[in-house]
**Q** 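Got a structure here, written out as structure tokens. Questions coming.
Each chain gets a letter, A, B and so on, in the order the sequences are listed, and its residues count up from 1.
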2 protein chains.
Amino acid sequence: MSAVSRPTSTDVARRAGVSRATVSHVLNGTDHPISEATRQRVLAAARDLHYAPNASARALRAGRSNIVLLPMPRSGSLPGQDVFLAHLGRELAGMGLDLLLHGDHTASGVEGARMWAELRPAAVFLDTSRGTQPAVALLRQAGVQAVLLSGVPAGPYAPSVPIDPSAVARVATRHLLSQGHRRLSCLVPGGEWAALAERRFEAVVEAAQIENALVERVDCSLAVSSIAPAVARWRNPAHRPDAVYAYNDEFALMLIYALREAGLDVPRDIAVVGSGNQPLGAILRPTLTTTHFLVPDLAHAVASSLRRLLDGRELDPALAAAVQPRLIVRESA
Amino acid sequence: MSAVSRPTSTDVARRAGVSRATVSHVLNGTDHPISEATRQRVLAAARDLHYAPNASARALRAGRSNIVLLPMPRSGSLPGQDVFLAHLGRELAGMGLDLLLHGDHTASGVEGARMWAELRPAAVFLDTSRGTQPAVALLRQAGVQAVLLSGVPAGPYAPSVPIDPSAVARVATRHLLSQGHRRLSCLVPGGEWAALAERRFEAVVEAAQIENALVERVDCSLAVSSIAPAVARWRNPAHRPDAVYAYNDEFALMLIYALREAGLDVPRDIAVVGSGNQPLGAILRPTLTTTHFLVPDLAHAVASSLRRLLDGRELDPALAAAVQPRLIVRESA
DNA sequence: CTGTTAGCGCGTTCAT
DNA sequence: ATGAACGCGCTAACAG
């Protein structure tokens, strides 16, 4: 009734009175003809023993597993990345692929690639910064069928998902410019936000230059006191920007709150745009104009692209749209 | 220079002029005595070829992989779960373990266990609801060394992390009671929040009963209009609760906003508590009293516990503290 | 047609 | 320091 240990195909074969080869044929539904009676006996034996084929043995034989490897980012994660992971895992599951989160400590470039190669994953999805050319080459040589890069600039040596976390800032800025605003300001939080904040600030400056708009930089943190000096300055109309890009929705809501406390009205005195489409932004008044990525769409497009790469096809065309940030115009700008 | 295909230990052996056995000894640092000269030749050969041992072959031989399998929840995830995943992955990485997110579609109980068993993971961390006794038994039989359950009630047949996502509601309610509030109200959002909201509501009712406090139930959604009737009713002091548990911080901030619009002051007229410790809660005035889990601590304790189970030890004692929700008292209650 | 034999894939480990 | 066998599933070739 109960096997002493993990049952193997040998156990199933013995119990069904057939050879291991027959067990394999039945369980994998190959085209090899097997009599219905035998089929049923094998199936019954497998069920009785709670047989589960050994994925390692299968992967060893096949030369590859059905694992999608995702080396985790070394430092703090990007906004929405956690949600992305959960979505990606679910999407891949529907395609018979498992998502392996590989939190590597040491690794970068080739160093990391060697570690990732050990798992002989079917596919690897990694950031452009670590997917250097030699790293990609090593993965390919190790038999990884699909190497998909994430981020810009995209290397020419591997397909990539050209997603740019600072693109939301560009779209937000364009919106502000289209509304006629020319005196802009940009919140640039430090600390855990510093890296992304710098990039978004640069994106704002770049977009503003096209219209010869100037951008005031406001370094800050997630505390009202950090933006108090700026807000105080802005009480004087002569020193006041037309609009502020607030880095993200949390900072935007904080800013709106601080402005109101200072007697300034949003959007009449100052327009404000955030990023991330946080639920609260749609609720508190003035409701928040924001830019964001459609994370579920993105996860779907990435999963689909990985599947297609494994099938020898090209990226999912839907990817192009999925990496575009969306603008949601509400009351604040 | 470049191998045609993924190099194996045979390739390394050939290049170094030794046997595969020697390669294995050198690369794994066994106690087997190897001359330094040979050691260096093997190491050099491995490096030159970019050799990465095949994890499948190793796992096959060893009978187990170094994978920690985490079957993903089918439906919408719990708050903070995404963050938990990212943390857990990083923690496990530091212990030489890989986190495999298995998004199973079909599976529950034994059905799922068979799928999970295929990977011969070193450990499985899964929700109590799916970690039924037969499922756990099957995993054990498949050679899984550590099966850790998550959630309450904890089965006696496997170690578990007794975390209860509704515990934050209990702690919040106790705080309100300790402040002398006896007429309570509880927001119960439907839709994607319904499942957890019901449990938190029950937790509030239970905690309130101890002090013979009554709890008004306010069904709602994440829109001001959904709580408008309740807020309107509360303008009459005779119908007004002393305090509200708002399900989470988003709902709490929305409620505070709606109350202010209605001319009610928080906390003077009504106290409000949320859950989740969202950054904005500490910023907007009145600042928000909240209850939450220390997710990073939890991830650390879980990872550490898994490691210990694999080493044949008991759970990390720190787990007990990590599953306790924390109360952060601010201005709103 | 139906089922079996044999050997591969790759790293580890015991006995020589 | 090495030959040989092992762990487990898959599949090409082969025998009734």
Side-chain angles (χ1 to χ4, degrees), chain A residues 3-43 45-46 49-66 114 117-120 141-143, chain B residues 3-43 45-46 49-66 114 117-122 141-143:
Chain A
V4 233
S5 166
R6 28 206 137 147
T8 73
S9 78
T10 302
D11 296 316
V12 176
R14 188 172 19 243
R15 193 176 219 274
V18 297
S19 70
R20 283 166 48 208
T22 303
V23 170
S24 184
H25 283 129
V26 170
L27 264 35
N28 293 310
T30 64
D31 52 6
H32 199 93
I34 298 284
S35 77
E36 185 57 24
T38 306
R39 238 180 65 80
Q40 291 306 333
R41 260 186 309 133
V42 170
L43 256 25
L49 295 175
H50 298 300
Y51 170 70
N54 185 321
S56 292
R58 179 177 284 163
L60 175 58
R61 170 69 210 203
R64 46 160 216 83
S65 62
N66 60 166
R114 190 142 42 210
E118 290 189 12
L119 294 156
R120 300 292 190 277
Q141 185 190 307
Chain B
V4 233
S5 167
R6 22 203 143 152
T8 72
S9 78
T10 302
D11 297 315
V12 177
R14 188 170 19 241
R15 194 174 217 277
V18 297
S19 69
R20 283 164 47 209
T22 303
V23 171
S24 182
H25 285 128
V26 169
L27 264 36
N28 294 309
T30 63
D31 52 5
H32 200 93
I34 301 281
S35 80
E36 186 57 24
T38 306
R39 239 179 64 79
Q40 292 306 333
R41 262 187 306 134
V42 170
L43 255 25
L49 296 175
H50 298 300
Y51 170 70
N54 185 321
S56 291
R58 178 176 285 164
L60 176 57
R61 172 69 207 193
R64 47 162 215 82
S65 62
N66 60 166
R114 190 140 42 210
E118 290 189 12
L119 293 156
R120 301 292 189 277
Q141 185 190 307

**Q** For nucleotides 10-16 of chain C, give me one character per nucleotide, 5' to 3': B if any protein heavy atom sits under 4.0 Å from the base, S if the only such contacts are to the sugar-phosphate, - if neither.
**A** BBBB---

**Q** Rounded at 0.5 Å granularity, tell me how far CG in A/Leu27 sits from CG in A/Leu43.
**A**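 Going from CG on A/Leu27 over to CG on A/Leu43, the span is 6.5 Å.
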
**Q** At under 4.0 Å, does any side-chain N or O of A/Ser35 touch on OP1 or OP2 of C/dG3?
**A**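 So the side-chain polar atoms of A/Ser35 do come within 4.0 Å of the phosphate oxygens OP1 or OP2 of C/dG3, strictly under.
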
**Q** In whole Å, I'd like the distance from the CZ atom of B/Arg14 to the C1' atom of D/dG3.
**A**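 Those two atoms, CZ and C1', are 17 Å apart.
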
**Q** Quick one: CD on A/Glu36 to CZ on A/Arg41, what's the gap to the nearest 0.5 Å?
**A**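 Reported to 0.5 Å precision, the distance equals 11.5 Å.
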
**Q** Output the rounded distance in Å from CG (B/Asp31) to C1' (D/dA1).
**A**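 After rounding, the gap between these two atoms is 14 Å.
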
**Q** In this structure, how many angstroms lie between the C1' atom of D/dC10 and the CZ atom of A/Arg64, rounded?
**A**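 Distance, rounded to whole Å: 13 Å.
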
**Q** Looking only at heavy atoms, what is the nearest atom pair of B/Ala142 and B/Ala117, with distance?
**A**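 Nearest pair, atom of B/Ala142 first, then B/Ala117: CB-CB, 3.6 Å.
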
**Q** Any idea which heavy atoms bring B/Val42 and B/Val18 closest together, and the distance?
**A**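 That would be CG2-CG2, 3.9 Å.
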
**Q** Grab the CD1-P distance between A/Ile34 and D/dC10 for me, whole Å please.
**A**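 Atom CD1 in A/Ile34 sits about 14 Å away from atom P in D/dC10.
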
**Q** Base, sugar-phosphate or nothing for B/Ser56? Non-hydrogen atoms, less than 4.0 Å.
**A**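 The residue B/Ser56 makes no contact with any strand.
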
**Q** Does B/His50 have any ring pair (Phe, Tyr, Trp, His ring centres under 6.0 Å) partners at least two apart in sequence or in another chain, and if so, which?
**A**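 With neighbours one apart ignored, the set is empty.
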
**Q** For a 4.5 angstrom cut-off between non-hydrogen side-chain atoms, does A/Asn28 reach A/Arg58?
**A**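 The answer is yes; the side chains approach within 4.5 Å.
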
